[in-house]
Amino acid sequence: DAGVTQSPTHLIKTRGQHVTLRCSPISGHKSVSWYQQVLGQGPQFIFQYYEKEERGRGNFPDRFSARQFPNYSSELNVNALLLGDSALYLCASSLGQGTNEQFFGPGTRLTVL
Amino acid sequence: AQSVSQHNHHVILSEAASLELGCNYSYGGTVNLFWYVQYPGQHLQLLLKYFSGDPLVKGIKGFEAEFIKSKFSFNLRKPSVQWSDTAEYFCAVNSYRDYKLSFGAGTTVTVRA
């Protein structure tokens with residue numbers, strides 16, 4: 001039974017570029033959340049999508065955007081990359097929103113030079 | 001807004017020692033509480049969760065946690081640690097009003113053989 005998958009595993013970009021990260025949830029899960037984990041800190045919530053609609057947004061600038069597709073997979077887009085965007089980006093899926101347990105993927109390690 | 005604080009940044013133990021990691025949260029409403037673990041080179045995995053009912057929750061690998069509502073705490077315990085418990089441990093909280101998971105900064109646990 002496949003867990004949450006994310007691609008790519010690693011990514012190196014330069015300042016000012018944009019990046020797209022992808023996430024496939026566990027089969028049957030309809031909610032996807034994105035988190036940013038900077039080295040030495042806990043994950044910080046970026047977005048939650050449920051049934052293809054944004055249901056929650058964290059304290060991140062408008063350079064960050066996301067969407068969820070009809071098959072419940074999701075993309076996270078970051079424009080005008082800054083050095084401070086270097087982090088591990090985690091995707092989590094759950095059956096629904098709210099109290100459901102979230103299952104995390106392995107993450108995408110983004111390095112901005 | 002919710003916040004989560006973990007009291008210990010790094011804990012070093014010998015095998016068979018007992019472990020207790022502190023977690024406090026700030027939120028006045030109904031919350032769901034979680035402990036996640038990240039073993040070296042692996043992704044975040046759920047250790048245990050509390051939604052309602054018995055405040056003493058048992059999780060995988062011999063871990064347990066106690067929810068003390070009056071103290072806004074959800075401390076993690078294990079009576080006798082093993083070398084394989086070396087990992088980073090994160091406490092997380094969400095609420096019925098705000099579905100995002102708020103994480104603590106994490107505690108690195110090193111168990112010496």
Side-chain angles (χ1 to χ4, degrees), chain A residues 1-7 9-10 23-26 29-51 53-60 64 66 68 87-109, chain B residues 1-10 21-25 27 29-53 57 59-60 67 74 76 87-109:
Chain A
D1 201 17
V4 177
T5 59
Q6 293 186 243
S7 63
T9 307
H10 295 87
C23 171
S24 291
I26 292 171
H29 285 194
K30 296 182 178 181
S31 179
V32 169
S33 298
W34 287 95
Y35 294 82
Q36 181 196 64
Q37 187 177 13
V38 174
L39 200 60
Q41 298 181 21
Q44 298 292 314
F45 173 76
I46 308 175
F47 286 109
Q48 185 187 63
Y49 276 76
Y50 176 66
E51 289 284 14
E53 290 188 9
E54 182 183 307
R55 299 300 180 109
R57 184 186 182 108
N59 188 25
F60 280 81
F64 288 77
Q68 187 177 33
L88 181 67
Y89 288 85
L90 298 169
C91 174
S93 77
S94 59
L95 280 169
Q97 57 179 134
T99 60
N100 294 122
E101 175 185 338
Q102 294 187 25
F103 294 82
F104 283 81
T108 293
R109 172 72 64 188
Chain B
Q2 304 159 20
S3 68
V4 180
S5 61
Q6 293 183 237
H7 311 305
N8 311 98
H9 181 64
H10 193 181
L21 302 182
C23 173
N24 285 89
Y25 65 94
Y27 183 72
T30 303
V31 294
N32 305 308
L33 298 153
F34 306 83
W35 275 97
Y36 281 87
V37 61
Q38 192 166 28
Y39 297 104
Q42 296 186 28
H43 55 88
L44 276 170
Q45 301 170 41
L46 184 69
L47 262 183
L48 46 78
K49 61 190 177 188
Y50 173 79
F51 287 171
S52 63
V57 179
I60 61 172
F67 171 50
F74 190 55
L76 180 71
E88 189 153 19
Y89 293 80
F90 293 94
C91 180
V93 175
N94 74 359
S95 70
Y96 288 96
R97 185 179 301 176
D98 187 358
Y99 301 132
K100 71 176 186 181
L101 273 176
S102 296
F103 283 85
T107 299
T108 301
V109 173

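Chain letters run A, B, ... following the sequence lines, proteins first, then strands; residues in each count from 1.
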Report which part of A/Leu90 has an atom under 4.5 Å of a heavy atom belonging to chain B: side chain, backbone, both, or neither.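 For A/Leu90, the contact with chain B is made by the side chain alone.
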B/Tyr36 ring center within less than 6.0 Å of A/Phe103 ring center: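 They do not qualify: ring centres at least 6.0 Å apart.
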Only one of A/Phe64, A/Tyr35, A/Tyr89 clears ring-ring contact (aromatic ring centres under 6.0 Å, His included) with A/Phe45; which?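 That would be A/Tyr35; it is the only one of A/Phe64, A/Tyr35, A/Tyr89 passing the ring-ring contact (aromatic ring centres under 6.0 Å, His included) with A/Phe45.
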Top contributor to chain B contacts, counting heavy-atom pairs under 4.5 Å, from A/Gly58, A/Gly56, A/Pro43: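 Most heavy-atom pairs under 4.5 Å with chain B: A/Pro43.
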Heavy-atom pair count under 4.5 Å with chain A, highest-scoring of B/Cys91, B/Ala105, B/Gly104, B/Ala92: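 The answer is B/Ala105.
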Give, as side chain, backbone, both or neither, the part of B/Gln38 having an atom under 4.5 angstrom from any heavy atom of chain A.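 For B/Gln38, the contact with chain A is made by the side chain alone.
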So for B/Leu44, is it side chain, backbone, both, or neither that comes closer than 4.5 Å to the heavy atoms of chain A?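 For B/Leu44, heavy atoms of backbone and side chain both lie under 4.5 Å from chain A.
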Suppose we screen for ring pair (Phe, Tyr, Trp, His ring centres under 6.0 Å). Which residues come up paired with B/Tyr89, at least two apart in sequence or across chains?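 In terms of ring pair (Phe, Tyr, Trp, His ring centres under 6.0 Å), with neighbours along the sequence ignored, B/Tyr89 is linked to B/Phe63.
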Mind checking the NE2-CD spacing from A/His29 to A/Glu101? Nearest 0.5 Å is all I need.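 One finds 8.0 Å between NE2 of A/His29 and CD of A/Glu101.
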Hey, could you give me each pair passing salt bridge (Lys or Arg N to Asp or Glu O under 4.0 Å) that has a residue in residues 30-49 of chain A? Not counting sequence neighbours.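 Every salt bridge (Lys or Arg N to Asp or Glu O under 4.0 Å) pair that includes a residue of residues 30-49 of chain A, provided the two are not neighbours, is A/Lys30-A/Glu51.
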